[in-house]
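Both counts, for ligands and for their atoms, begin at 1 and track the order of listing. Keep in mind that what you see is a predicted model, and the values were worked out from it rather than measured.
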Amino acid sequence: MHCKLIGVPLQDGASQLGCEMGPSALRTAGLAGALADLGHQVSDLGNLALPPVSDITHPNTAVRRLPQIVAWVELLTKIAHRESAEGMPIFLGGDHAMSAGIVAGLARTASEKQRPLFVLWVDAHTDFHTLETTGSGNLHGVPVAYFTGQPGFDGYFPPLTHPVDPANVCMIGIRSVDPQERSAINKSDITVHDMRAIDEHGVGAVLRSFIEKVEAAGGLLHVSLDVDFLDPSVAPAVGTTVPGGATFREAHLVMEMLHDSGLVTSLDLVELNPFLDERGRTATLLVDLTASLMGRTVLDRPTRRF
Ligand code: ARG
Ligand code: MN
Ligand code: MN
């Protein structure tokens, strides 16, 4: 596989500074080497730079850094569209606002390839606010609403040419949902597996049902991995920690099952804030999880099935 690393030093969507350093931390933790060791061809395309921004404002005065986010979304839509034509783009974040543009661009490529795009949203949060409903104003809380074409972005975010069907979005790890997101999610066709579902059925069972759905539809699959999916005890380097997250082992199982499915065509690693890390352990864990997704196994033969 040709892995293309694309650094997105974006932190305007988060409340705390630091995600800008995420791409550097992932490189320092050895992402390129880990992929090369698995036999992949790796191209590091470097970091993207923010183009000049407009002076756009929104009537919801809570909204923060709108001009910057709009410029990033526009740029990322173009880059994700271009780089997903061939190979496997891996976006190194950067806060989760980046996935608004990334998924919009991937959806454009998918439509050109005449394949439906599916999104696995691996996160503590649903990120389903609109510009009207966000209370914190942090725009890392809105990407899913944008790329699924919910109303409330027109005239602010770039026009969405290829909305993702909400029925093609599956969320796992969810445990923090604001009241307005909750009612919007309930009305949508998005599949949400909260931590209770993981506790009750196991992460393997909930993921398997989604993988089967993507497979049956002949879909392309984008995986969006927010650091706060993980329990803060194993992944402290994120500004929005929520207790009760996925364990080290659950997270690796997700990645290994995704690898075995052969369906994943793009990945983003988001919300890593290296300023909050402990000796790079969160960046290192993300590199190891990416390696699992890209084929690292304990043995070089399949795990024995009982
Ligand atoms: N729902 C909260 C908000 O809108 C938290 C969002 C956290 N999002 C994230 N990508 N970490 O402020
Ligand atoms: Mn998120
Ligand atoms: Mn989150």
Does the shortest distance from the Mn ion (ligand 3) to an N/O/S atom of H96 fall below 2.8 Å?
-> no

Got an N, O or S from E271 under 2.8 Å of the Mn ion (ligand 3)?
->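 Under 2.8 Å: E271 has no N, O or S contact with the Mn ion (ligand 3).
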
Using a strict 4.0 Å cut-off to heavy atoms of [X], name the atoms of ligand 1 that fall inside it.
| X | result |
| --- | --- |
| D226 | 9 (C), 10 (N), 11 (N) |
| E271 | 9 (C), 10 (N), 11 (N) |
| D228 | 11 (N) |
| H96 | 10 (N) |
| E181 | 1 (N) |

Which heavy atom of the protein is the closest neighbour of [atom], given with residue, atom name and distance?
| atom | answer |
| --- | --- |
| atom 8 (N) of ligand 1 | D127 OD1, 2.9 Å |
| atom 5 (C) of ligand 1 | H125 CD2, 3.8 Å |
| atom 11 (N) of ligand 1 | T240 OG1, 3.2 Å |
| atom 2 (C) of ligand 1 | D178 OD2, 3.5 Å |
| atom 4 (O) of ligand 1 | H129 CD2, 3.4 Å |

Neighbour count above 12 (heavy atom, 6.0 Å) for Q114 CD = no

What angle, to the nearest 10°, do the atoms OD2 (D123) and OD2 (D226) form about the Mn ion (ligand 2)?
->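 The OD2/OD2 angle about the Mn ion (ligand 2) sits at 90°.
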
May I ask you to say whether R296 pairs ionically with D37, meaning some side-chain N is under 4.0 Å from a carboxylate O?
-> no

Hey, does V238 have a side-chain heavy atom less than 4.5 Å from the side chain of T241?
->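 A side-chain contact under 4.5 Å exists here.
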
Side-chain contact, heavy-atom cut-off 4.5 Å: F248 with D288?
->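 Answer no - side chains too far apart.
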
Main-chain N/O of G244 paired with D231 side-chain donor or acceptor, under 3.5 Å |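 Indeed, once roles are kept as given, a pair shorter than 3.5 Å links the two residues.
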
Is the side chain of E256 donor-acceptor paired with the backbone N or O of S292 at a distance under 3.5 Å, no angle test?
-> no

Would you please classify the geometry between the F153 ring and the Y146 ring as parallel, tilted or perpendicular, with 30° and 60° separating the classes?
->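 Because their plane-to-plane angle is over 60°, the rings of Y146 and F153 count as perpendicular.
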
Taking H140 as the fixed residue, which of E271, H96, H129 is the one that meets the side-chain hydrogen bond (donor to acceptor under 3.5 Å, both in side chains) rule?
-> E271

Would you mind telling me which of K4, H2, E83 makes a side-chain hydrogen bond (donor to acceptor under 3.5 Å, both in side chains) with S43?
->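 With S43 as partner, K4, H2, E83 yield a single side-chain hydrogen bond (donor to acceptor under 3.5 Å, both in side chains), made by H2.
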
Closest heavy-atom contact between A97 and L139?
-> CB-O, 3.7 Å

Taking it one step at a time, do F210 and T191 satisfy side chain to side chain contact (heavy atoms under 4.5 Å, CB included)?
-> CA-CA 9 Å; F210 181 61; T191 304; 5.9 Å; no

T134 N/O to ligand 1 N/O under 3.5 Å =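 No: no nitrogen or oxygen of T134 is under 3.5 Å from one in ligand 1.
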
Any N/O pair S136/ligand 1 closer than 3.5 Å | yes

The Mn ion (ligand 3) - closest N/O/S atom in H125 | ND1

Of all N, O or S atoms in D228, identify the one at the shortest distance from the Mn ion (ligand 3).
->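 It is OD2 of D228.
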
Closest N/O/S atom of D127 to the Mn ion (ligand 2), by atom name?
->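 Among the N, O or S atoms of D127, the one closest to the Mn ion (ligand 2) is OD2.
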
